[in-house]
Engineer: 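Before anything else, here's the structure in question.
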Amino acid sequence: MPTGPDEATPMRLRRNTLADQADRHYLYQESVQDTESEIDFVEETWAELRDRPAELLREDFCGTANTACEWVRRDPAHHAIGVDLDAAVLEWGRQNNIAQLDAEQQSRIQLLQENVLETLPELADIVLAMNFSYFLFPTRAAMLDYFRNVYDGLTDDGIFFLDAYGGYDAPREIEEERECDGFTYIWQQASFNPIDSMMDCCIHYEFPDGSRIDKAFTYRWRLWTLPELTELLSEAGFRDVTVYWEGTDEAKNEGNGVYEPADVGDADPGWVCYIVAER
Ligand SMILES: C[S@@+](CC[C@H](N)C(=O)[O-])C[C@H]1O[C@@H](n2cnc3c(N)ncnc32)[C@H](O)[C@@H]1O
């Protein structure tokens, strides 16, 4: 007779370390995403720029559709479409995020396993490309194709929201750690090629028992600059393209979470901003 769960469970199924028990999509959502602040910014900015409420939001590179879920939770008039190439991550989103919505909210969200370069669902009021996912397009031509497809996918007064990052630490081959609830998030800029601006980045997770998920997520992307991106958005047809820069909490000497339209930013080691492109 087995004396405990360890003996009853075949070796290959045993989950001994915290890393073995962890779910990388859950860790990603906890460490990387702040969907409430993101949708706060989107709603406030839309209200400043448009006289009608936005209803349909398309989340490109939606992954687990966490942000799309936040959008439909906010208002019974809100609908969302999430677009991602990866069937497995969409399925995780269905089982873990969409399943937590009530039936009525679930009826207002749709996930499409499609390429953002080609997708053309119902015209959206808002398209989101967040967490720099679109940096994966390595050339001006590919980025322009993407921006044109977003333009074609928006209503006449639609708005495209993107985030971007940079600063003098951005191209450096460095690692940064941040403590999260029950684990450490590690961001590694593993390589940077100054000739084509391509870089390899990884996310690792480490746990209090010393176990680790190495390369939980890896990204190969181009480190784009803001003028390159804003020029391409204009070229794609967007009428007004504005950078929203984060203000400073003078007492703490750090970002205050408030993003305002700006022509001049600070030459910080690391910054994140929003780009708002109006059709
Ligand atoms: C870093 S995740 C983004 C998750 C989430 N949007 C966020 O804000 O954190 C990038 C996602 O983009 C998806 N992806 C990559 N290329 C794509 C493409 N051409 N079309 C659609 N999805 C793509 C990947 O499958 C992955 O789930």
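None of these values were measured; they are calculated from a predicted model. Both counts, for ligands and for their atoms, begin at 1 and track the order of listing.
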Engineer: If we only consider heavy atoms of Tyr28, is any one of them less than 4.0 Å away from an atom in ligand 1?
Structural biologist: yes

Engineer: Quick one: which of Trp245, Tyr244, Tyr165 gives a ring-ring contact (aromatic ring centres under 6.0 Å, His included) with Trp271?
Structural biologist: Trp245

Engineer: Would you check the N or O atoms of Asp60, main chain and side chain alike, for any that come under 3.5 Å of an N or O of ligand 1?
Structural biologist: no

Engineer: Could you tell me, atom by atom, which parts of ligand 1 come under 4.0 Å of a heavy atom of Met130?
Structural biologist: 8 (O)

Engineer: Could you find the nearest protein heavy atom to atom 14 (N) of ligand 1 and give me its residue, atom name and distance?
Structural biologist: Phe61 CD2, 3.7 Å

Engineer: Does the residue Asn115 have a heavy-atom contact with ligand 1, meaning some pair of atoms that are separated by less than 4.0 Å?
Structural biologist: yes

Engineer: Is the gap between the ring centers of Tyr146 and Phe61 under 6.0 Å?
Structural biologist: yes

Engineer: So for Leu117, does at least one of its heavy atoms come nearer than 4.0 angstrom to any atom of ligand 1?
Structural biologist: no

Engineer: Could you tell me whether Arg24 sits above the aromatic face of Phe217, with NZ or CZ closer than 6.0 angstrom to the six-membered ring centre and within 45 degrees of the axis?
Structural biologist: yes

Engineer: Run the contact test for Phe132 against ligand 1 with a 4.0 Å cut-off on heavy atoms, strictly below, and give the result.
Structural biologist: no

Engineer: Is it true that a side-chain atom of Asp209 and a backbone atom of Ser211 form a donor plus acceptor pair closer than 3.5 Å?
Structural biologist: yes

Engineer: Any salt bridge linking Glu122 with Arg58? Criterion: basic side-chain nitrogen under 4.0 Å from a carboxylate oxygen.
Structural biologist: no

Engineer: Describe, in one word, how the ring planes of Phe183 and Phe207 are oriented to each other, choosing from parallel (under 30°), tilted (30 to 60°) and perpendicular (over 60°).
Structural biologist: tilted

Engineer: Nearest non-hydrogen contact with atom 16 (N) of ligand 1 belongs to which option: Leu136, Thr119, Val83?
Structural biologist: Leu136

Engineer: Examine Val89 against ligand 1 and note whether any of their N/O atoms are separated by less than 3.5 Å.
Structural biologist: no

Engineer: So is Asn131 polar-close to ligand 1, meaning N/O to N/O under 3.5 Å?
Structural biologist: yes

Engineer: Step by step, work out the salt bridge (Lys or Arg N to Asp or Glu O under 4.0 Å) result for Asp125 and Arg52.
Structural biologist: CA-CA 10 Å; Asp125 298 317; Arg52 68 174 184 91; 2.7 Å; yes

Engineer: Going by the closest heavy atom to atom 2 (S) of ligand 1, which one wins out of Ser133, Gly93, Gly82?
Structural biologist: Ser133

Engineer: May I ask you to list the atoms of ligand 1 that are less than 4.0 angstrom from any heavy atom of Glu59?
Structural biologist: 6 (N)

Engineer: Provide, to 0.1 Å, the distance between atom 7 (C) of ligand 1 and the closest protein heavy atom, together with that atom's residue and name.
Structural biologist: Gln33 NE2, 3.1 Å

Engineer: Can you tell which of Asp84, Val32, Val116, Leu112 gets a heavy atom nearest to atom 20 (N) of ligand 1?
Structural biologist: Val116

Engineer: Hey, is Asp169 close enough to Arg172 for a salt bridge, meaning N to O under 4.0 Å?
Structural biologist: yes

Engineer: With a 4.5 Å heavy-atom cut-off, do Phe238 and Val150 have their side chains touching?
Structural biologist: yes

Engineer: Closer than 4.0 angstrom: is that true for some heavy atom of Glu38 and an atom of ligand 1?
Structural biologist: no

Engineer: Considering only non-hydrogen protein atoms, determine which one is nearest to atom 17 (C) of ligand 1 and report residue, atom name and distance to 0.1 Å.
Structural biologist: Leu85 CD1, 3.6 Å

Engineer: Using a 4.0 Å cutoff against the non-hydrogen atoms of Gly63, which atoms of ligand 1 qualify?
Structural biologist: 27 (O)

Engineer: Which bit of Glu114 gets closer than 4.0 Å to ligand 1, counting heavy atoms only: side chain, backbone, both or neither?
Structural biologist: backbone

Engineer: Quick one: does Glu278's side chain have a donor or acceptor within less than 3.5 Å of a partner on Val241's backbone?
Structural biologist: no

Engineer: Do the charged groups of Arg222 and Glu228 touch, with an N to O distance under 4.0 Å?
Structural biologist: yes

